[in-house]
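Notes follow the structure.
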Amino acid sequence: MRKRIISAVAVLACGVLMVTGSVIAYESQENKNVLTAGVFDYTSVDNADEAAISMANSGVVATATRNTYGFNNIGVSTAEGTLNVREEPTTESSIVGVMPDDGACEVIDSSGEWYHIKSGDVEGYCLGSYIATGDEALDMADQAISTKATVNCDSLTVREEPTTEANAISSVTQGKKVDVVEELDGWVKVVSGDKEGYISADYVTVGLDIPTAVTKDQASANGGGSVVSNALQYVGGRYVWGGESLKSGVDCSGFTMKIYEQYGVYLPHSADAQMDMGTRVNGLAEAQPGDLVFYGSGGYASHVGIYMGDGQIVHASSAKTGIKVSSASYRTPIGIRRFL
């Protein structure tokens, strides 16, 4: 496998998605013809090499003809995986945040081949070759937008059925967002982790949400639990040997590499090489959510998964089963490493 380093309910108490976003109130989502999103005038964009990109700094050309999701000049990341946002318009500058797949931003200005953008709490510079604008961005935003419930209390119980008598499945903490399946009378059916359940509508705000960037500090603060929640959204995805795309397919180390890349941890595309990194953990009894669990023989790691807690891992298993949840002991681990 090739290696590559990449830039990796009674509510007695009030699955989370790692990716933060901008919640947009329903009342602002009426379909309107607006001419506010625009594009910068490209002269050439040949490939991902910044040196091959040039663009006329001609300002914004109004092109969008419909809802712009609260942005004046919307841009959407076209990068496979995360897109680095830098402090200054140069690859030598510090990374101040990361944009997720299909992450949206406000395009403020251009500087040569760079865009000055603001996304969530992150403001900085991205290479313009990785940012779609105008109607192309809106087409992408239409696909990326989803309905989410944001928790407004300290901890909210997720239950098996829409009644306070039902068993608890899990809980979600304040500020976390979960995918909405259906709104009921007094309850919201949501996806928590890899399960569907019900939360009280009294303690959440339901609205349209589009992914936006997170700062490096925010990504680190989310820790292993966020890694797990993020990884679980890809359950059911394709296994592709050598794959490095969470959209079109990954293998085991490609999966862990692309997940951890979103937290500013850049891993090689090799299970064995990943086992040489991080902090050693002494067995499953000491493993924490987000740790990487390695399998193989003779000290060589041929497979890796993300520890979820409760004796389970989420991993890109095989071409037959894809990304799935398994017992962490389905094979004997040969190593466990911690990266956050």
Side-chain angles (χ1 to χ4, degrees), residues 15-39 60 63-85 96-108 115-124 126 128 130-152 172 175-183 188 190-192 204-215 218-219 222 226 229-230 232-234 245-247 258-259 261-263:
V16 301
L17 284 178
M18 184 284 297
V19 176
T20 62
S22 300
V23 175
I24 306 167
Y26 282 127
E27 55 266 26
S28 67
Q29 292 307 297
E30 300 172 0
N31 290 325
K32 302 175 182 177
N33 288 331
V34 289
L35 295 173
T36 53
V39 295
V60 176
T63 59
T65 57
R66 60 185 188 276
N67 183 358
T68 58
Y69 297 110
F71 294 92
N72 291 317
N73 185 37
I74 190 172
V76 177
S77 171
T78 61
E80 294 247 343
T82 56
L83 175 62
N84 289 331
V85 184
V96 295
V98 289
M99 285 247 287
D101 286 342
D102 297 328
C105 65
E106 183 74 34
V107 180
I108 300 171
Y115 280 168
H116 180 193
I117 64 99
K118 181 172 175 58
S119 178
D121 294 329
V122 178
E123 183 172 346
C126 296
Y130 292 110
I131 300 290
T133 56
D135 282 341
E136 180 186 0
L138 292 176
D139 288 340
M140 295 179 66
D142 288 342
Q143 298 301 313
I145 203 88
S146 61
T147 303
K148 285 188 168 57
T150 303
V151 178
N152 298 327
V172 284
K176 299 300 184 181
K177 300 173 184 178
V178 287
D179 286 314
V180 172
V181 178
E182 183 181 8
E183 292 186 70
V188 181
V190 299
V191 177
S192 177
V204 296
T205 299
V206 176
L208 295 175
D209 182 84
I210 192 164
T212 56
V214 294
T215 67
Q218 286 170 336
N222 284 331
S226 178
S229 298
N230 186 25
L232 284 172
Q233 69 179 306
Y234 298 102
S245 171
L246 292 168
K247 292 181 180 179
K258 298 306 289 186
I259 292 295
E261 181 182 298
Q262 299 179 38
Y263 298 82

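Each residue takes its place number in the sequence, starting with 1.
Applying the side-chain hydrogen bond (donor to acceptor under 3.5 Å, both in side chains) test to E106 and every residue at least two apart in sequence or in another chain returns nothing.
Minimum interatomic distance between A137 and A132 (heavy atoms only, all atoms of both residues): CB-O, 3.3 Å. Across all non-hydrogen atoms, the minimal contact from A144 to P211 is O-CD, 4.0 Å.
Residues V206 and E183 form a side-chain contact, since some pair of their non-hydrogen atoms from C-beta on lies under 4.5 Å apart.
Of the options V204, V188, L208, D209, a side-chain contact (heavy atoms from CB on, under 4.5 Å) to V180 is made by V188 and by none of the others.
For the residue pair N230/Q262, the side-chain donor-acceptor check at 3.5 Å is satisfied.
Judged by distance alone, the side chain of S77 and the main-chain N or O of I131 form no donor-acceptor pair under 3.5 Å. Counting only distance, with no hydrogens or angles, the side chain of T133 and the backbone of G75 share no donor-acceptor pair below 3.5 Å.
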Trace of the side chain to side chain contact (heavy atoms under 4.5 Å, CB included) decision for D102 with K247: CA-CA 11 Å; D102 297 328; K247 292 181 180 179; 3.2 Å; yes
Working for side chain to side chain contact (heavy atoms under 4.5 Å, CB included), residues M99 and V122: CA-CA 9 Å; M99 285 247 287; V122 178; over 6 Å; no
Check against side chain to side chain contact (heavy atoms under 4.5 Å, CB included), I259 and L246: CA-CA 8 Å; I259 292 295; L246 292 168; 4.2 Å; yes
Worked verdict on D179 versus K148 for side chain to side chain contact (heavy atoms under 4.5 Å, CB included): CA-CA 5 Å; D179 286 314; K148 285 188 168 57; 3.1 Å; yes
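Taking CD1 of I74 as the reference point, atom CD1 of I117 lies at 12.0 Å (rounded to 0.5 Å). In this structure, OG1 in T147 is found 12.0 Å from CD in E182, a value given to the nearest 0.5 Å. For the atom pair CD1 (I210) and CG (D142), the distance works out to 8.5 Å, reported to the nearest 0.5 Å. Between the SG atom of C105 and the NE2 atom of H116 there is a distance of 10.5 Å, given to the nearest 0.5 Å.
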